Amino acid sequence: MLSRYLKMALVLGLLSAIGPFAIDMYLPALPDIGRSLGAEVGAVQLTLTAFFLSIGLGQLLYGPVSDMVGRKPPLYAGLALFTLASIGCALATDIHTLVALRFLQGLGAAAGMAIPRAIVRDLHTGAEAARLMSLLMLVFSVSPILAPLAGSGVIALTGWRGVFWVVALAAVAGMLLVRGALAETRSEADRVDSSLGSALRGYGVLLRDRHFLGLVFIGAFAMAGFFVYLAGSPFVLINHYGLSPTQYSLAFGLNAAAFIGSAQFTGPLGRRFGLVPLAKWAVTACGLVMASLLAYYLVGGDQLLVLVSLYFVASAFMGMVIPTVSVLALDAHGAIAGTASALMGTLQMLCGAAAMGVVGLFANGRPLPMVAGMACGALTALALTWITLRHRPHATPVQRVRG
């Protein structure tokens, strides 16, 4: 049983990680990209914002299509688009072209974000889904550890353009993985009632489901704080605190390690205490830690060790939040799992992109604007948790296993 879980988590995690790999791997090069293309900090950060916008919007398409035609064909299409756009990014000669191609790259990466979550819901619900989702997050979260380090090595050897050649090869490997290691989990019978009209009706049902939206936005605002860190940390840690690209990669990877480690407790803790109590506890702890970090900078603190240490703790709690609220959100919508997963991914990515855009208006290369954005995300997630889950103190989804 364990080997079956691990195999599925490995395949889905690797597919999910291709898009984030295209983000994390080139983070150490953001200052170099600005110098190479003659672009300001805000313009370079726009390459991240464009990617997050498209990876969010694209999921609205891939989710319903995967309900209609199966999970595998949209994965092939998305990975192919990602490959072509990555090659274009490697050849870009100005920042405007790079932003446009990053938008197309995000559209391709959206397939790997929406469809693996739907596959998890095809197979399991409740604590078993949380177990598989946490294993998927284990593989997925290796990207923030390895990608910046790999990016630093590639950049040192080939410059920032080499990063995009590497992620193009990763997408080709992903297509081979889909072909050889992933079985179709959306049966012909399940596809019969799926159509564009049913997808639109499904979105209508989901957008009227306040509990679903509440859970989605808990995850969205928790992740928004991370996206703000993603966009701002290269400039803060490298330019303000003087880290080298390799040192930055290690610092960035430390937070990912905290996320990975804590995510593995989601399944056991969910079975013992229930997913709802776990979500409440983890979001509350994350919010308190981020409030403490913001208070430190507001009173004039400016030590890198404090930033890295407190965000390490916050990342650990976030590792319990994201898989838990994802499972809770999808649990009641198995018949339209692809559509539900797509809407969840879209809203979360758009929320993250909006947060990056707003904080980018105040970015000055110093820590305070970034930390304020991170803390606002965590505290908003905390408020939404107690609004959404206040009447469900002990609810635990019923476990069901398919196939």
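Predicted, not measured: the structure shown is a model, and the values here were computed from it. Worth knowing before you read on, the calculation uses all heavy atoms, side chains too, and leaves out hydrogens, waters and symmetry mates.
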Do S36 and W160 meet the criterion of a side-chain donor-acceptor pair at a distance under 3.5 Å?
-> yes
Hey, are the side chains of W281 and V321 touching, using non-hydrogen atoms and a 4.5 Å cut-off?
-> no
Heavy-atom side-chain contact between P74 and I115 under 4.5 Å = yes
Straight-line distance of L389 CG to L328 CG, nearest 0.5 Å = 7.0 Å
Judged by atom type as modelled, is there a donor-acceptor pair below 3.5 Å linking the side chain of Y203 to the main-chain atoms of L60?
-> yes
Nearest-0.5 Å distance that lies between atom OG1 in T346 and atom CD1 in I55 | 10.0 Å
With distance as the sole test, does T388 use its side chain to make a donor-acceptor pair with the main-chain N or O of T385 at under 3.5 Å?
-> no
Would you mind reporting whether M25 and V166 have side-chain heavy atoms less than 4.5 Å apart?
-> yes
Please step through side chain to side chain contact (heavy atoms under 4.5 Å, CB included) for the pair Y311 and F226, ending with a clear verdict.
-> CA-CA 10 Å; Y311 196 53; F226 170 70; 3.7 Å; yes
Spell out, as yes or no, whether a donor-acceptor pair under 3.5 Å connects the side chain of Y297 to the backbone of P369.
-> no
Residues A39 and V44: closest non-hydrogen pair is CB-CG2, 3.9 Å
Rounded to the nearest 0.5 Å, how far does CG of D94 lie from OG1 of T97?
-> 3.5 Å
Checking R161 side chain against A92 main chain: does a donor-acceptor pair fall under 3.5 Å?
-> yes
Is there a side-chain contact between L237 and Y229, using heavy atoms and a 4.5 Å cut-off?
-> yes
Atom pair CZ (R35) and CG (L30), whose distance is rounded to the nearest 0.5 Å = 10.5 Å
May I have the step-by-step check of side chain to side chain contact (heavy atoms under 4.5 Å, CB included) for S262 and F317, ending in yes or no?
-> CA-CA 7 Å; S262 65; F317 290 122; over 6 Å; no
Full working for side chain to side chain contact (heavy atoms under 4.5 Å, CB included) between F52 and L230 = CA-CA 11 Å; F52 279 111; L230 199 71; 3.4 Å; yes
V306 backbone acceptor or donor facing S309 side chain under 3.5 Å = no
Rounded to the nearest 0.5 Å, the CZ atom of F259 sits from the CE atom of M320 at a distance of 11.0 Å
CE of M113 to CD of Q348: how many Å apart, nearest 0.5 Å?
-> 8.5 Å
Please tell me if the side chains of L79 and L15 come closer than 4.5 Å, counting only heavy atoms from C-beta onward.
-> yes
Return yes if a side-chain donor-acceptor contact under 3.5 Å exists between D302 and Y296, otherwise no.
-> no
Between P367 and V236, which heavy-atom pair has the shortest distance, and what is it?
-> CG-CG1, 3.9 Å
Note: L206 and A340 closest approach over all heavy atoms is CD1-CA, 3.5 Å
Side-chain (T158) to main-chain (I155) donor-acceptor, under 3.5 angstrom | no
Show the numbers, then the answer: is there a side chain to side chain contact (heavy atoms under 4.5 Å, CB included) between Y76 and R179?
-> CA-CA 9 Å; Y76 284 126; R179 180 179 180 182; 3.2 Å; yes
What's the shortest heavy-atom distance between A378 and G287, and which atoms?
-> CB-CA, 4.1 Å
Quick one: are M344 and S326 in side-chain contact, heavy atoms under 4.5 Å?
-> yes
Got a donor-acceptor contact below 3.5 angstrom from the K280 side chain to the W386 backbone?
-> no
Using atom types as modelled and distance alone, determine if a side-chain donor or acceptor of S66 lies under 3.5 Å from a backbone N or O of R71.
-> no
Is there a side-chain contact between I218 and L382, using heavy atoms and a 4.5 Å cut-off?
-> no
Heavy atoms, side chains only, cut-off 4.5 Å: are W165 and S86 in contact?
-> no
When every non-hydrogen atom of L243 is compared with those of A251, the smallest separation belongs to CD1-CB, 4.4 Å
Smallest separation among heavy atoms of F51 and A109, with atom names = CZ-CB, 3.9 Å
